[in-house]
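Per chain, numbering begins at 1; letters A, B, ... match sequence-line order. Computed from a prediction, not measured in an experiment: that's the story for all the values here.
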Amino acid sequence: MPELPEVEVLVRHLSPLLKGKIITAVQVHRTKVLLPTSPSQFTRALRGARFTGLSRRGKYLVFTLQRPRRRTPLTLLGHLGMTGRMYLAPASPPPLRHVAVMLRLGRQNFIYEDTRYFGRLTLDTSALARLGPEPLDPEFTPDALARALSRSSQPVKVKLLDQVVVAGLGNIYASESLFRARVSPCLSARKLTHKQVYRLWRAIRHVLAEAIACGSTVPLNHAGHGKRDGLFYFGRAAGAPDFYAKRLWVYDREGKPCSGCGASIKRIVQATRSSYYCPRCQHQRGRPRHRGRGKTS
DNA sequence: CACCATGTTCCTTG
DNA sequence: CCAAGGAACATGGT
């Protein structure tokens, strides 16, 4: 469930539910997700602490807590990796398979489960310092994007996954943004024209904002365990419409017709990850490769 | 069995 | 020192 929009929707969901709750017990089932914090350090710091706030930075959840008889607030950093979920559940739940950490909050539990354990729930916040601009904040300007792309010869799709370029974009929305901007994923980052950068900038913001709006509208069930939950990041409540997946124009649509022109959507591998695009709508064309010395204008 | 999967970090290579 | 490429992490679905 893990790109910026999904995390944002989760944060909005959890924030009011957590506020004011006090952690009465801590259970660590997977030491790995705490690293480099140790289990004893983690447990000691959190027991007795009260949730005061929750926000998002890139794909990270930033929890703030207040500890008894302490002035400085505590920051807890969460990341969902590929398969992480965080939700509140009744204190006596059915046995769950991949619970990494459980925090008891009176009659409820805050559960972080993660089948692949790629995610994090840790007191180490150093990862935040390595993030680039928030795409929906004013600091993210067309110029900032242009500068970030200008020094890389990597394909633009690969560069967009670099969290220094823009925080929170992942494999799905990178493809979706490029489609919306009509820019080929293969184009070298530094070869985009100003116009292409501008279109990409607008596309990124549009695509992310739309996904947040969509997730905020769909009835969600973050604790849900549907097997078919793979590609729709928010667990859908029973009976909810499937228009979330339908909003994707190219991702995971190899061989299907482009909704713009009808051409077959292509899948390619870049930096060991799948990219999807329409070969007709997204032309491989940016700055001219060489300075023209011929007759063209 | 083979290949695929929403992410990040670390190591090697150039 | 830096950029780029790839493997590793761990588990499950198709």
Does R12(A) form a salt bridge (charged side-chain N to carboxylate O under 4.0 Å, His left out) with E8(A)? I'd like the steps, not just the answer. CA-CA 6 Å; R12(A) 291 181 190 182; E8(A) 177 64 27; 2.7 Å; yes

Could you tell me how far apart R247(A) (CZ) and dT6(B) (C1') are, to the nearest whole angstrom? 14 Å

Which heavy atom of L74(A) sits nearest to which heavy atom of A45(A), and what is that distance? CD2-O, 3.7 Å

For atom P, what is the distance between dC11(B) and dA10(C), given to the nearest Å? 15 Å

Without decimals, in angstroms, what is the distance between Q163(A) CD and dT8(B) C1'? 9 Å

Counting just side-chain N and O atoms, does K32(A) come under 4.0 Å of either OP1 or OP2 of dC9(C)? no

Comparing nearest nucleotides in DNA chain B, the 5'-proximal residue of the pair H79(A), S274(A) is S274(A)

Write down the distance between CG (L35(A)) and P (dT8(B)), rounded to a whole number of angstrom. 17 Å

Among side-chain atoms of T37(A) and D124(A), is any donor-acceptor pair under 3.5 angstrom? no

Would you indicate, yes or no, if dG7(B) has its OP1 or OP2 atom less than 4.0 angstrom from a side-chain nitrogen or oxygen of R273(A)? yes

Between T125(A) and T75(A), is there a side-chain donor-acceptor contact under 3.5 Å, judged purely by atom types and distance? no

Between Q270(A) (CD) and dA5(B) (P), how many Å, whole number? 13 Å

Every protein N/O within reach of nucleotides 11-14 of chain B N/O, cut-off under 3.5 Å:
none

Evaluate the ring planes of Y60(A) and H79(A), with Trp represented by its six-membered ring, and classify them as parallel (under 30°), tilted (30 to 60°) or perpendicular (over 60°). perpendicular

Residues I204(A), L160(A); criterion side chain to side chain contact (heavy atoms under 4.5 Å, CB included); working and verdict: CA-CA 10 Å; I204(A) 290 168; L160(A) 282 180; 4.1 Å; yes

Of all the choices, dA4(C), dG12(C), dA5(B), which nucleotide is nearest to the side chain of Y251(A) once you look at every atom? dA5(B)

Does dA4(C) have its OP1 or OP2 closer than 4.0 Å to a side-chain nitrogen or oxygen of S153(A)? yes

If you measure only the distance, is there a donor-acceptor pair under 3.5 Å linking the side chains of S175(A) and S275(A)? no

Using the P atom in both, what is the distance from dC3(B) to dA7(C), to the nearest Å? 13 Å

Contact list for DNA chain C against residues 140-148 of chain A - heavy-atom distance below 4.0 Å: none

Roughly, in whole Å, what's the span from CD in E254(A) to C1' in dC3(B)? 13 Å

For D143(A), the salt bridge (charged side-chain N to carboxylate O under 4.0 Å, His left out) test, sequence neighbours excluded, returns R147(A)

If pairs are Watson-Crick or G-U with both distances under 3.5 Å, what is the dot-bracket string of DNA chain B, marking crossing pairs with [ ] and pairs to another strand with |? .||||.||||||||

Does OP1 or OP2 of dA3(C) have a side-chain N or O of S152(A) closer than 4.0 Å? no

Between E176(A) and Y276(A), do the side chains contain a donor N or O and an acceptor N or O under 3.5 Å apart? no

Any donor and acceptor pair, going by atom type alone, linking the side chain of Q163(A) with main-chain N or O of G168(A) inside 3.5 Å? yes

Using a cut-off of strictly less than 4.0 Å, decide whether H98(A) has a side-chain nitrogen or oxygen near OP1 or OP2 of dA10(C). no

Inspect the contact between R57(A) and E134(A) and indicate whether a charged nitrogen and a carboxylate oxygen are less than 4.0 angstrom apart. yes

Would you mind reading off the distance between Y173(A) atom OH and dT6(B) atom P, rounded to a whole angstrom? 13 Å

Check the side chains of Y173(A) and E6(A) for a donor-acceptor pair under 3.5 angstrom, ignoring hydrogens and angles. yes

Taking only the side-chain nitrogens and oxygens of R30(A), find out if one of them lies under 4.0 Å from OP1 or OP2 of dT11(C). yes

When the distance from CD of E6(A) to P of dG7(B) is rounded to whole Å, what number comes out? 9 Å

Value in whole Å for how far the C1' atom of dT8(B) lies from CG of D162(A): 11 Å

Pairs in or reaching into residues 26-49 of chain A: which pass ring-ring contact (aromatic ring centres under 6.0 Å, His included), with residues at least two apart or in two chains? none

Any residue of residues 116-131 of chain A with a heavy atom less than 4.0 Å from an atom of DNA chain C: R116(A), Y117(A), F118(A)

Can you find a side-chain donor-acceptor pair between S274(A) and R267(A) that sits under 3.5 Å? yes

